[in-house]
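To keep things clear, I will list the structure first and then write my remarks on it.
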Amino acid sequence: MNKVTKTKIITCSLLGLASVSLFSVAFSAFIVTNDQLTAQNGNVTVSVGDVVDKSISISTIDVTDGEIAFEPKENDTTEPIIYDGTNKEDLNFAFTFTLTNVLTSEGRWGDRLGGVNIKWDEGTNDTFATCITNNYITAPKLGGSGTPITNTDAALFTVTSGGELTNSTGLTFEKVDTTDVKVTVNYAFGWGTKFDGKNPAEYATNENYTTVMSDITAFKSALTNPNFTITIDAFLAE
């Protein structure tokens, strides 16, 4: 017997990037929202660490894509779990920031900035960490396929004095004036091995439907009050 389920899986609406409320909407439907602000949007908070050389600064942080939705893909009509016509998969989030006083008069990287570090922190909650450990999802990766973000400082990017502003997967650099650079950063979650690395709606069949729905329900239970903070800080060239 076919089981056609128009279902939301999980929606994380990243509106404030701090504490998050979770509401059960239906058997397997749930929405996460957040309305607190400080350079944040929903589950994602972006803050700035210390910059040793005060002539270099990080400013104008903006979460440009703060909507994360662990949902069926848009227009997925293949049973037994299908798109509900409203809530679609969105595993990406993005933010921008501006680096000041880092360019030469020729518009290339100067000799003071070595690069920018990035770190992920969930505080004491570890909601996403639990979901990642239990293989419901994978940690966000730069550009969806690059380096995963971690809870320790790691280089988001490094620069070479005199080098050009070279874009790469998940990173875009834009010269905004003679000395400053706007950086756009894109990360994306992935689906874990519980669902064979696929969207659960794609992974589900009539044969494994009960197991998939059980895993979705467990995923929902694990994603309680999710929030995380991303900290970025510039470091000097050696």
Please set out all donor-acceptor pairs under 3.5 angstrom arising from side-chain atoms of residues 180-189, sequence neighbours excluded.
residue, atom, partner, partner atom, Å
D180, OD1, N101, N, 3.0

Do L165 and L103 pass the side chain to side chain contact (heavy atoms under 4.5 Å, CB included) test, and can you show the C-alpha distance, the side-chain angles, and the key distance before you say yes or no? CA-CA 10 Å; L165 307 185; L103 295 181; 3.8 Å; yes

Residue pairs passing the ring pair (Phe, Tyr, Trp, His ring centres under 6.0 Å) test with at least one member in residues 137-163, sequence neighbours excluded, are F157-F173

Heavy-atom closest pair, residues [X] and [Y]:
{"X": "I132", "Y": "A139", "answer": "CD1-CA, 3.6 Å"}
{"X": "G170", "Y": "L142", "answer": "O-CD1, 3.6 Å"}
{"X": "T158", "Y": "A155", "answer": "CG2-CB, 4.1 Å"}

Report the residues that fulfil side-chain hydrogen bond (donor to acceptor under 3.5 Å, both in side chains) with [X], sequence neighbours left out, ordered by chain and then residue number.
{"X": "N208", "value": "T205"}
{"X": "T150", "value": "T152"}
{"X": "T127", "value": "N125"}

Who passes side chain to side chain contact (heavy atoms under 4.5 Å, CB included) against [X], sequence neighbours left out?
{"X": "D111", "answer": "S161"}
{"X": "T77", "answer": "none"}
{"X": "F195", "answer": "Y136, W191, P200, Y203, V212, D215, I216"}
{"X": "T104", "answer": "E106, R108"}

*asked:* Checking F219 against N134 for the side chain to side chain contact (heavy atoms under 4.5 Å, CB included) test, could you report, in this order, the C-alpha distance in whole Å, the side-chain angles of both residues, the deciding distance, and whether it holds?
replied: CA-CA 9 Å; F219 181 20; N134 289 325; over 6 Å; no

Hydrophobic clustering (ILVMFWY, side-chain heavy atoms < 4.5 Å, transitive) - are V102 and L236 grouped together? yes

Can L91 be reached from I81 by stepping across I, L, V, M, F, W or Y side chains whose heavy atoms are under 4.5 Å apart? yes

Applied to residues 90-100, the salt bridge (charged side-chain N to carboxylate O under 4.0 Å, His left out) test, sequence neighbours excluded, yields none

Would you say the side chain of [Y] lies within less than 4.5 Å of the side chain of [X], judging by non-hydrogen atoms?
{"X": "M213", "Y": "T211", "answer": "no"}
{"X": "S59", "Y": "F97", "answer": "no"}
{"X": "L156", "Y": "N117", "answer": "no"}
{"X": "W109", "Y": "T160", "answer": "no"}
{"X": "K73", "Y": "E202", "answer": "yes"}
{"X": "E122", "Y": "F128", "answer": "yes"}
{"X": "I230", "Y": "I149", "answer": "yes"}
{"X": "T229", "Y": "W120", "answer": "no"}

Interatomic spacing from [atom1] in [X] to [atom2] in [Y] - rounded to 0.5 Å:
{"X": "T231", "Y": "I118", "atom1": "OG1", "atom2": "CD1", "result": "9.0 Å"}
{"X": "I137", "Y": "C131", "atom1": "CD1", "atom2": "SG", "result": "5.0 Å"}
{"X": "K88", "Y": "D76", "atom1": "NZ", "atom2": "CG", "result": "13.5 Å"}

Quick note, side chain to side chain donor-acceptor pair (under 3.5 Å) partners involving residues 167-176, not counting sequence neighbours, are none

Checking [X] side chain against [Y] main chain: does a donor-acceptor pair fall under 3.5 Å?
{"X": "S214", "Y": "T210", "answer": "no"}
{"X": "S145", "Y": "K141", "answer": "no"}
{"X": "D84", "Y": "N87", "answer": "yes"}

Exactly one of I232, T98, T100 clears side chain to side chain contact (heavy atoms under 4.5 Å, CB included) with I58, and that residue is I232

Within 6.0 angstrom of E164 CD, more than 12 heavy atoms from elsewhere = no

For D196, the salt bridge (Lys or Arg N to Asp or Glu O under 4.0 Å) test, sequence neighbours excluded, returns K198

